[in-house]
Amino acid sequence: MLLDADSPRLAGIDQDHVRTLAACTDKLPPIVVHRSTMKVIDGMHRLTAARLNGQETIEVRYFEGSNREAFLLAVELNMKHGLALALSDRKKSAMKILESFPEWSDRAVAVKTGLSGKTVGVLRRKFAGQIAQAPLRVGRDGRVRPLNSHKDRRQTAGVLPEEPDTVLRETAGAAGAPGPSAREAQKRLRSQDDGPPPGSEARARAPQGLEPAGPLVDPLAQLESLKRDPALKYSNDGREMIRWLEARIIRKTDPGLALPAPAHQARKIAALARACAAQWNCVAMRMELLCDECSQASN
């Protein structure tokens with residue numbers, strides 16, 4: 001049995017629009033239903049029109065995801081077609097998205113709700129007591145950014161001293177800092193006067209690609225978890241990153257593909273594997289340093 005939606009519309013069903021749809025002779029698009037709750041995500045006016053016409057069935061598309069993802073989809077779909085959302089509806093939707101995704105930037109929320117970034121910022125400040133404060137912001141491009149420049153510099157300083165200049169430049173750009181500042185941060189990391197952050201010296205000296213830093217996880221399960229994150233699945237950069245990871249994950253059965261290699265090529269394949277492992281280790285350490293920054297900021 002279908003249940004009514006957690007609608008972004010404050011006024012609920014518009015009966016005039018329902019009668020218009022009920023009189024329509026063209027085939028209407030299927031409604032969207034949250035499979036786990038059977039709530040209508042998009043199409044309450046179409047569903048009400050079908051009931052008015054005495055229909056017992058209606059075409060449905062099912063959505064798999066969390067409740068907050070379902071509401072986000074409801075807002076997006078109502079912004080794209082059908083009866084337009086009023087300004088009050090869009091502000092209400094923005095508030096609910098901020099409560100569910102406090103790490104999203106003002107502009108990221110604005111894109112979903114058809115508001116300006118300034119309006120979303122006003123709502124965030126006005127209802128600060130209702131919205132959790134996240135130390136990072138996820139922009140509309142899907143990229144994660146610290147809230148202040150001090151964190152930007154600390155992220156840049158997390159580059160390993162052994163990394164080549166190309167990796168240094170990439171990390172500097174990701175942290176929003178110019179190249180020379182990245183170099184200065186690297187020098188400070190090497191300097192004993194400044195003193196390295198806790199645990200960074202041990203990470204820098206650890207042999208790369210030999211011993212795991214912690215218990216191994218199921219890479220496919222981790223990938224599925226990433227796919228469900230709205231910050232990734234609803235942005236072009238996020239989806240591109242997921243595709244990149246899918247193509248580079250080594251599954252348990254994959255090493256068997258390399259074992260039949262001829263003996264005279266074994267050393268090259270070993271060198272290739274160690275080079276890839278070293279680059280993955282760099283990625284892992286950057287992510288760990290970013291997590292350290294988040295933990296310190298939240299404390």
| remark: What one should report as the nearest heavy-atom pair of I31 and G43 is CG2-O, 3.5 Å
| request: Looking only at non-hydrogen atoms, find the nearest pair between G114 and M79 and report the distance. | output: CA-CE, 3.5 Å
| request: Answer yes or no: are there more than 12 heavy-atom neighbours, outside R61 itself, under 6.0 Å from its atom CZ? | output: no
| message | With rounding to the nearest 0.5 angstrom, report the CZ to CG distance, R90 to L85. | response | 7.5 Å
| query | Atom CD1 in I58, atom CZ in R51: separation rounded to 0.5 Å? | reply | 8.5 Å
| request: Establish whether V33 and F63 are linked, either directly or via other cluster members, by ILVMFWY side-chain heavy-atom contacts under 4.5 Å. | output: no
| query | Do V122 and V120 sit in the same hydrophobic cluster, where Ile, Leu, Val, Met, Phe, Trp and Tyr count as joined when their side-chain heavy atoms come under 4.5 Å apart? | reply | no
| query | Are L10 and L77 grouped together when hydrophobic residues (ILVMFWY) are joined by side-chain heavy atoms under 4.5 angstrom apart? | reply | no
| said: Within a 6.0 Å radius of atom NZ on K118, are there more than 12 heavy atoms belonging to other residues, nucleotides or ligands? | reply: no
| said: Nearest 0.5 angstrom please: L3 CG to H34 NE2, how far? | reply: 12.0 Å
| query | For W280 and R248, what are the C-alpha separation, side-chain angles and deciding distance, and is it a side-chain contact (heavy atoms from CB on, under 4.5 Å)? | reply | CA-CA 10 Å; W280 270 114; R248 287 160 178 80; 3.9 Å; yes
| said: Taking the side chain as everything from C-beta on, heavy atoms only, tell me whether R46 gets closer than 4.5 Å to P29. | reply: yes
| Got a second to check how far T113's OG1 is from L87's CG, nearest 0.5 Å? | 10.0 Å
| field | Minimal non-hydrogen separation, L223 against E246, with atom names | value | CD2-CG, 3.3 Å
| said: Using 0.5 Å steps for rounding, measure from the CD atom of E76 to the CD atom of E69. | reply: 11.0 Å
| If you measure from CG on L98 to CG on D106, what distance do you get to the nearest 0.5 Å? | 7.0 Å
| request: Would you indicate whether E240, at its atom CD, is surrounded by more than 12 heavy atoms from other residues, nucleotides or ligands within a distance under 6.0 Å? | output: no
| field | Taking every non-hydrogen atom, the tightest pair across A49 and A22 | value | CB-N, 3.7 Å
| What is the minimum heavy-atom distance between W104 and K112, and which atoms define it? | CZ3-CG, 3.8 Å
| Would one find more than 12 heavy atoms of other residues, nucleotides or ligands at under 6.0 Å from atom CD1 of I250? | no
| field | Option from V40, I41, D42 for which side chain to side chain contact (heavy atoms under 4.5 Å, CB included) with M44 holds | value | V40
| said: Between the side chains of E224 and K227, is the shortest nitrogen-to-carboxylate-oxygen separation below 4.0 Å, so that they form an ion pair? | reply: yes
| Shared hydrophobic cluster, L2 / V18 (ILVMFWY, side-chain heavy atoms < 4.5 Å) | yes
| field | Closest non-hydrogen atom pair, A94 against L123 | value | CB-CD1, 4.0 Å
| Other than L28, what residues sit in its cluster of Ile, Leu, Val, Met, Phe, Trp and Tyr side chains whose heavy atoms are under 4.5 Å apart, directly or through others? | L21
| field | Joint cluster assignment, V60 & M38, ILVMFWY side-chain distance < 4.5 Å | value | yes
| said: Please evaluate residues R19 and D16 with respect to the criterion salt bridge (Lys or Arg N to Asp or Glu O under 4.0 Å), reporting the C-alpha separation (whole Å), side-chain torsions for both, the decisive distance (0.1 Å), and the verdict. | reply: CA-CA 5 Å; R19 286 189 286 269; D16 288 338; 2.4 Å; yes
| query | Is the H17 ring parallel, tilted or perpendicular to the H45 ring (thresholds 30°, 60°)? | reply | perpendicular
